[in-house]
Amino acid sequence: MRTPVIAGNWKMHNTVQEATDLVRELKQNLSGIEGVEIIVGPPFTALCAVVSELGGSNISVAAQNVFWEEKGAFTGEIAPGMIKETGCSHAIIGHSERRQYFGETDETVNKRVKAALSAGLIPIVCVGETLEQRESGNTMNVVKKQIKGSLDGFTPSDFDSIIIAYEPVWAIGTGKTASPDQAQEVHKFIRNTISEIAGRDISQNMRILYGGSVKPDNVDEIMQQEDVDGALVGGASLKADLFTRIVNFKK
Ligand code: PGA
């Protein structure tokens, strides 16, 4: 009942030329695929080129961040309206690399999500614990705090537009994936937390993606988990053949 989402987070990879080449291949490989929402997330500089290349295809485009003000003296930031104007439909918000290296907090994530929604962008809101937090038994507390803080003050219709990505920090770019059971446990917990905040119906419809070293050889098991509704893919989204296989996961 929840349409799966496979989203590629390209991070700081691909020039305009490389991005165009990659999506040209993806567009061919993935045409005709139904029942999965497919998203790619290029760097800001390649958004226009990628959107234009993908026009009329079944692949949507996400920005990797969005600022919360519409305009002003905010050197280096990009406004929601500017992202929307490129033809993007989604924005990844609160990725752990932003939290870790650029001072992102639940409060700033909350502001960005609000601004993205007002501009008509679908936020993909990232949460996840570090290795230290997992080993000290704090995974659920950390994730609950991130969900509550990041999604504070939203209406039911806002919740309908939000996608969540659970990405354990220790699994990102490390080749270590959460086991299917570990992923399912946290995904279920997130769905219960959403149910507490926004009600059962909204929580049942919410797509919760798993992220962290998703590859062709582990995507099937992960996607078989009841509360896993898709994947946010970093490294493996940079290669057309790997991303194609991931989109064609077997449930
Ligand atoms: P990874 O990245 O697939 O390279 O681990 C996932 C992410 O950070 O979104």
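Both ligands and their constituent atoms are indexed starting at 1 by order of listing. Keep in mind it's a predicted model, so treat the numbers as computed, not measured.
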| message | For Gly173, state whether at least one heavy atom is located under 4.0 Å from any atom of ligand 1. | response | yes

| task | Evaluate the criterion side chain to side chain contact (heavy atoms under 4.5 Å, CB included) for residue pair Leu232 and Tyr210; output intermediate values, then yes/no. | result | CA-CA 6 Å; Leu232 182 55; Tyr210 170 80; over 6 Å; no

| task | Run through Asn29, Asp220, Asp217 and flag the one making a side-chain hydrogen bond (donor to acceptor under 3.5 Å, both in side chains) with Arg245. | result | Asp220

| task | Using the side-chain hydrogen bond (donor to acceptor under 3.5 Å, both in side chains) rule, pick out the option among Thr15, Asp21, Asn14 that qualifies with Gln17. | result | Asp21

Check residues 167-176 and write down every donor-acceptor pair under 3.5 Å in which the side-chain atom is one partner and the other belongs to a residue at least two apart or another chain.
unit_1, atom_1, unit_2, atom_2, d
Glu167, OE1, His95, NE2, 3.2
Trp170, NE1, Glu129, OE2, 2.8
Thr174, OG1, Trp170, O, 2.8
Thr174, OG1, Ala171, O, 3.4
Thr174, OG1, Lys176, N, 3.1

| message | Taking 4.0 Å as the limit for heavy-atom contacts, which would you say applies to Ile172 with ligand 1: side chain only, backbone only, both, or neither? | response | both

| query | Does an N or O anywhere in Lys11 fall below 3.5 Å from an N or O of ligand 1? | reply | yes

| field | Parallel, tilted or perpendicular, as decided by the 30° and 60° cut-offs, for the rings of Phe67 and Phe74 | value | tilted

| field | Glu85 atom CD, over 12 foreign heavy atoms within 6.0 Å | value | no

| In the protein, which heavy atom is nearest to atom 3 (O) of ligand 1, and how far is it? | Gly234 N, 2.9 Å

| task | Report the part of Ala171 in contact with ligand 1, treating N, CA, C, O as backbone and CB onward as side chain, heavy atoms under 4.0 Å; options are side chain, backbone, both, neither. | result | backbone

| said: Taking 4.0 angstrom as the limit and counting only heavy atoms of Ser213, give me the atoms of ligand 1 inside it, by number and element. | reply: 1 (P), 3 (O), 5 (O)

| message | Could you check whether atom NZ of Lys27 has more than 12 heavy atoms from other residues, nucleotides or ligands sitting under 6.0 Å from it? | response | yes

| said: Glu97 versus ligand 1: do any nitrogen or oxygen atoms come within less than 3.5 Å of each other? | reply: no

| said: Check this for me - ligand 1, Gly235, N or O atoms closer than 3.5 angstrom, yes or no? | reply: yes

| query | Relative to the heavy atoms of Asn9, which atoms of ligand 1 are at a distance of less than 4.0 Å? | reply | 9 (O)

| message | With a cutoff of 4.0 Å, is Gly211 in contact with ligand 1, counting heavy atoms of the residue only? | response | no

| request: Consider ligand 1: state whether an atom of it lies below 4.0 angstrom from any non-hydrogen atom of His95. | output: yes

| In the protein, which heavy atom is nearest to atom 7 (C) of ligand 1, and how far is it? | Glu167 OE2, 3.1 Å

| message | Counting neighbours of CZ on Arg200 that are heavy atoms of other residues, nucleotides or ligands and sit closer than 6.0 Å, is the number greater than 12? | response | no

| request: Please could you name the atoms of ligand 1 that Gly212 approaches to less than 4.0 Å, counting only its heavy atoms? | output: 5 (O)

| task | Return the set of residues passing salt bridge (Lys or Arg N to Asp or Glu O under 4.0 Å) with Glu196 (not counting sequence neighbours), or none when no residue passes. | result | Lys144, Lys148

